[in-house]
Amino acid sequence: MSLVITIDGPAASGKSSVSREVAAHLGWSWVSTGAFYRGLAYFAKAKGIALESEPDLVEACKSDSWKVHLSPEKTLVFCDGKDVTDSIYSDAVGTIASQVSQFPLVRKELLQAQRNCAYGVNLIAEGRDCGTVVFPDADLKFYITASGKNRAKRRAMEEGKPVEEVQKSQSVRDQQDSQRESAPLQIPESAYVVDTSDMDLQQVVREVEKAVNDKLKL
Ligand code: DC
């Protein structure tokens with residue numbers, strides 16, 4: 001039986017960086033489940049699909065023209081056979097991903113593919129609802145957060161944008177992601193909560209790994 005660790009949290013809380021490092025140390029796979037919503041957002045935008053039409057978006061979810069692939073570095077997205085990973089992790093695609101992820105039938109359509117990522121491997125899954133909906137029986141759950149200002153500063157540095165601009169779009173996404181009716185962002189029951197506002201990546205990785213060793217005795 002494969003083991004699953006979930007890491008949920010708001011935009012730019014560092015979930016991906018932490019997942020990548022911890023997975024590399026453990027020799028596990030990892031998935032950024034946001035890539036499913038980002039991939040859909042990219043595909044829908046590229047094909048001119050109405051972003052407010054739930055039935056059209058559900059059809060888009062079923063299309064073979066876009067795919068998610070796991071890799072140690074990043075969760076990759078291919079569209080029409082082309083690697084579009086570099087385009088999907090922008091703030092602009094994140095905003096559309098947050099919009100399309102509001103629809104319950106879209107979430108339902110993408111759920112099984114996310115669960116399949118754990119098939120035959122030990123997995124770290126990060127996102128918004130990994131510990132609550134995707135893997136409710138996960139072996140260990142984390143919720144990683146940081147102040148809005150700190151998260152915006154980190155993402156602004158990565159994207160070379162003004163902090164205020166990034167903070168504004170992130171707070172819209174945070175609100176959408178945590179107030180939607182279907183699978184909102186919330187702290188999973190029994191999750192280990194890490195506030196990374198005053199921590200650097202290596203400190204967070206050490207804290208997560210300590211909890212993993214204590215709980216799973218790996
Ligand atoms: O984690 P991220 O920034 O790549 O996610 C992009 C958007 O996708 C996020 O704003 C909401 C949505 N998402 C979701 O609804 N559920 C998840 N498990 C992961 C992401």
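Every number for a ligand or one of its atoms is a count from 1 in the order of the listing.
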**Item:** Gap separating the CZ atom of R206 from the CD atom of E21, nearest 0.5 angstrom
**Value:** 10.5 Å
**Prompt:** Going by distance only, is there an N or O of D129 that falls short of 3.5 Å from an N or O of ligand 1?
**Reply:** yes
**Message:** I'd like the name of whichever of R128, Q114, Q99, R107 reaches closest to atom 15 (O) of ligand 1 through any heavy atom.
**Reply:** R107
**Asked** Looking only at non-hydrogen atoms, which of A35, A12, A183, S101 approaches atom 12 (C) of ligand 1 most closely?
**Response** S101
Against heavy atoms of [X], which atoms of ligand 1 measure under 4.0 Å?
X	value
T33	17 (C), 18 (N), 19 (C)
G127	18 (N), 19 (C)
R180	14 (C), 15 (O), 16 (N)
S98	10 (O)

Is any side-chain N of the basic residue among [X] and [Y] closer than 4.0 Å to the acidic one's carboxylate O?
X	Y	answer
K215	D139	no
E165	K168	no
K47	D80	yes
R128	D177	yes

Suppose we measure from [atom] to each protein heavy atom; which comes out shortest, and what is that distance?
atom	value
atom 13 (N) of ligand 1	Y37 CD1, 3.5 Å
atom 4 (O) of ligand 1	R38 NE, 2.6 Å
atom 20 (C) of ligand 1	G34 CA, 3.5 Å
atom 10 (O) of ligand 1	D177 OD2, 2.7 Å
atom 3 (O) of ligand 1	R173 NH2, 2.5 Å
atom 7 (C) of ligand 1	A97 CB, 3.7 Å

Do [X] and [Y] get their side chains close enough for a donor-acceptor pair, meaning under 3.5 Å?
X	Y	value
D91	S169	yes
T196	R154	yes
N116	Q112	yes

**Item:** Heavy-atom side-chain contact between F36 and V31 under 4.5 Å
**Value:** yes
**Message:** Heavy-atom contact check, 4.0 Å cutoff: does K15 meet ligand 1?
**Reply:** yes
